[in-house]
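Convention: sequence-line order gives letters A, B, ...; per-chain numbering from 1.
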Amino acid sequence: MRLRFAPSPTGYLHIGSARTALYNWLLARSAGGTFILRIEDTDRSRSTEEAILAIMEDLRWLGLDWDEGPDVGGPYGPYRQTERMDIYRRAAEGLLEEGKAYRCGCRTGEKCRCREGRPSEGPQAIRFRVEEGETAFDDAIMGPISFDNSSIEDFVLLRSDGTATYHLAVVVDDVSMAVTHVIRGADHISNTPKQILLYRALGKEPPVFAHMPLTVGSDGKPLSKRHGDVALSRYRELGFLPEAMINYFALLGWSLDDSTTIMDRRTLLANFSLDRVSRNPGNWDMNKLTWMNGQHIMRLDGDDLAARLEPFMVGAGLMSSGDRDSMKLLERAVPLIRERIKLLSEAPALLAFLFREVSPETSSLELIKGEAPLRVLEEAERRLASLEPFAAPLIEEALRGMAAEMGMKPRDAFQPLRLAVTGSRVSPPLFESMELVGKERCLKRIRRVRDLARELG
RNA sequence: GGCGCAUUAGUCUAGUUGGCCUAGGACGCCGCCCUCUCAAGGCGGAGAUCGCGGGUUCGAAUCCCGCAUGCGCUACCA
């Protein structure tokens with residue numbers, strides 16, 4: 001079984017394309033087949049080298065590895081269409097000789113007699129001769145589909161400048177690369193009969209075609225920039241995990257059963273099959289993706305999560321790359337936030353108080369106004385000062401005891417302390433946070449806010 | 001216009017050969033519980049006459065026909 005992903009490098013990797021890549025990869029890998037990366041850069045004016053690199057990086061990030069491709073080579077190369085132009089030309093000329101194609105120099109849309117062997121003047125393109133009849137195929141996802149050939153025009157194979165069109169290039173490539181299964185977007189359904197005709201003209205059997213439903217925006221329209229982010233790389237920047245992206249992609253148009261939602265790569269590989277792919281277009285739902293990302297974050301083990309968080313902490317200026325002490329602190333803090341973040345990018349804001357000094361957010365100053373908060377701050381400072389070791393369970397014991405003795409509700413007693421230690425009314429759990437901040441810094445922050453509370457009256 | 005494909009709650013879907021579906025799960029939404037904040041978690045709730053209209057059948061989300069809507073293709077773009 002040989003499958004390929006064939007992006008055209010005209011820009012970033014689109015999330016829709018990434019999903020197509022995933023389905024191809026899943027089928028190839030789950031069947032022990034071969035996965036090929038082929039670059040469709042026949043549109044020279046729009047294709048760039050940077051885009052090729054970016055697409056490969058995105059695929060690697062998702063964990064979709066390929067056995068053959070432009071960078072790793074392979075027995076069926078080259079894997080870039082611009083390097084295969086002579087192959088296409090030979091194929092077109094072969095068809096010409098067999099009378100299955102003809103030269104035509106007419107402008108598009110113009111009715112012409114070239115088909116009958118009376119080519120017009122000017123630069124000549126090579127057109128495929130579509131014979132009468134019906135072209136049908138059994139789509140692995142959509143089921144049986146058929147077209148009357150009268151609805152298919154004689155399409156161009158080779159442009160008058162000698163370059164191949166998409167139809168010629170894909171078919172020739174898929175034939176010469178021995179591709180057995182083509183999974184692609186449903187927007188290609190109408191292209192399929194042309195390509196099947198080409199396969200037959202070349203004396204080859206068409207591969208298995210599987211057209212997957214398109215991904216659309218929340219309004220049901222094709223996904224575009226105005227729906228939000230469509231570049232896969234943006235999702236990495238936003239703090240999404242590749243595990244979550246893959247899980248979400250997989251479930252957007254496929255299901256394992258009636259209830260399994262969170263799945264890892266292994267489960268996907270063990271269960272993926274074309275016959276459980278849905279036929280309806282799927283709406284891209286950021287909400288669900290984000291929830292799913294949170295689920296995958298919770299399932300990561302601590303050191304792994306810390307490592308993935310590092311670039312975001314560095315980016316926020318909270319630590320420098322590779323700093324051992326900071327990493328240790330981060331690793332200790334991970335259990336406090338793993339259930340509190342849905343995106344990796346949310347961590348810096350939640351953990352900033354561990355890495356730099358803080359002052360209470362101005363919008364929460366009312367928490368320390370009045371007599372009770374002031375007494376809490378004073379009393380907590382006293383009790384914590386003598387605490388040894390400065391560990392969360394002991395801190396909790398001390399502070400709960402304090403609240404009880406003072407006749408205060410835990411909430412009322414702890415919120416002023418939270419504001420003092422973390423600078424915010426929302427934070428990771430207080431006692432554990434205090435332990436990580438450390439005794440000295442904790443006391444310093446409490447004293448400072450105690451003084452502030454006195455000023456506020 | 002022609003051709004093709006699709007159509008289960010706001011969203012993703014289960015439903016493979018018609019009866020166990022008084023349509024299951026998940027996101028989101030609402031409420032309660034837990035609780036040091038925020039989350040996470042637990043429990044419960046609202047939300048779908050299975051696009052519409054005809055058939056076939058004792059019985060249809062599941063089969064047939066028509067219609068509507070959406071999307072795709074109809075390029076010397078991919």
Side-chain angles (χ1 to χ4, degrees), chain A residues 6-8 10 40-43 45-47 81 104-109 123-127 139 141-143 145-148 150-153 155-167 169-170 184-194 211 213-214 216 218-222 248 251-262 275-276 278-292 294-295 298 336-342 346 350 364 367 396 399-400 403 409-419 422 424-433:
Chain A
S8 47
T10 54
E40 305 214 326
D41 55 352
T42 50
D43 186 348
S45 58
R46 291 196 299 150
S47 300
Q81 293 190 329
C104 172
C106 305
R107 283 191 305 248
T108 19
Q124 306 280 303
I126 296 180
R127 277 184 192 277
D139 194 284
I141 292 171
M142 298 294 179
I145 299 174
S146 69
F147 293 80
D148 194 308
S150 64
S151 68
I152 308 168
E153 297 181 10
F155 52 98
V156 170
L157 298 173
L158 207 65
R159 302 188 187 97
S160 46
D161 66 1
T163 60
T165 62
Y166 163 71
H167 292 299
V170 252
R184 65 208 329 191
D187 50 341
H188 284 292
I189 291 177
S190 302
N191 290 329
T192 306
K194 291 179 186 166
H211 289 96
L214 264 18
V216 298
S218 48
D219 54 359
K221 304 281 186 211
Y248 185 71
L251 243 38
L252 191 63
W254 175 84
S255 61
L256 203 185
D257 53 33
D258 62 350
S259 57
T260 310
T261 307
I262 301 299
D275 54 9
R276 290 195 64 84
S278 142
R279 289 183 297 224
N280 314 348
N283 285 27
W284 186 256
D285 185 351
M286 268 293 201
N287 238 327
K288 188 159 184 174
L289 207 210
T290 305
W291 166 80
M292 200 170 265
Q295 292 294 313
M298 286 191 277
L336 310 194
I337 60 163
R338 67 165 354 126
E339 286 171 357
R340 270 166 255 267
I341 57 172
K342 289 197 172 79
E346 291 167 354
L350 231 40
S364 299
L367 281 177
E396 174 162 15
L399 294 181
R400 282 197 189 281
K409 283 202 258 185
R411 176 198 177 102
D412 295 331
F414 300 157
Q415 279 303 81
L417 291 168
R418 184 188 309 282
L419 186 66
T422 72
S424 169
R425 65 200 310 163
V426 176
S427 83
L430 183 59
F431 316 118
E432 288 82 353
S433 296

Would you tabulate the nitrogen or oxygen pairs shorter than 3.5 Å linking the protein to nucleotides 37-41 of chain B?
residue, atom, partner, partner atom, Å
B/rU37, O4', A/Q415, OE1, 3.2
B/rU37, O2', A/R425, O, 3.0
B/rU37, N1, A/R418, NH2, 3.3
B/rU37, O2, A/S427, N, 2.7
B/rU37, O2, A/S427, O, 3.0
B/rU37, N3, A/R418, NH1, 3.3
B/rU37, N3, A/S427, O, 2.6
B/rU37, O4, A/P429, N, 3.4
B/rC38, O2, A/R340, NH1, 3.2
B/rC38, N3, A/R340, NH1, 2.3
B/rC38, N4, A/R340, NH1, 3.4
B/rA39, O2', A/E339, O, 2.3
B/rA40, OP1, A/K342, NZ, 3.2
B/rA40, O4', A/E339, O, 3.3
B/rG41, OP1, A/Q295, NE2, 3.2

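- Here A/E40 pairs with A/R38 under the salt bridge (Lys or Arg N to Asp or Glu O under 4.0 Å) rule; sequence neighbours left out.
- For A/W284 and A/Y248, the distance between ring centers is under 6.0 angstrom.
- Listed nucleotides: B/rA78, B/rG25, B/rA6. Nearest to the side chain of A/N280: B/rA6.
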Got a list of protein N/O to nucleotides 16-24 of chain B N/O distances below 3.5 Å?
residue, atom, partner, partner atom, Å
B/rG24, N2, A/D258, O, 3.0

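- Within 4.0 Å (heavy atoms only), A/S8 reaches sugar-phosphate atoms of the nucleic acid but no base atom.
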Pull out every protein N or O sitting under 3.5 Å from an N or O of nucleotides 65-72 of chain B, one pair per line with the distance.
residue, atom, partner, partner atom, Å
B/rC71, OP1, A/K221, NZ, 2.6
B/rG72, O2', A/D187, O, 3.0
B/rG72, N2, A/S190, OG, 3.0

Intermediate values then yes/no, side-chain contact (heavy atoms from CB on, under 4.5 Å), A/R400 and A/F414
CA-CA 9 Å; A/R400 282 197 189 281; A/F414 300 157; 3.9 Å; yes
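- OP1 or OP2 of B/rG28 has not a single side-chain nitrogen or oxygen of A/N287 nearer than 4.0 Å.
- Proximity of A/S278 to the phosphate of B/rU13: a side-chain N or O atom is located under 4.0 Å from OP1 or OP2.
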Write out a two-atom table: protein N or O, nucleotide N or O from nucleotides 42-44 of chain B, distance below 3.5 Å.
none

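- For A/F155, the ring pair (Phe, Tyr, Trp, His ring centres under 6.0 Å) partners are A/F128, A/H167, not counting sequence neighbours.
- A/G294 comes within 4.0 angstrom of no nucleic acid atom, judged by non-hydrogen atoms across all strands.
- Pairing for B/rU62 is absent, judged as Watson-Crick or G-U wobble with the two contacts each under 3.5 Å.
- In this structure, A/R279 atom CZ and B/rC5 atom P are separated by 11 Å, rounded to whole Å.
- When heavy atoms are screened at a 4.0 angstrom cut-off, A/E396 is found touching no nucleic acid atom at all.
- The residue A/S150 sits apart from the nucleic acid: no heavy atom pair falls under 4.0 Å.
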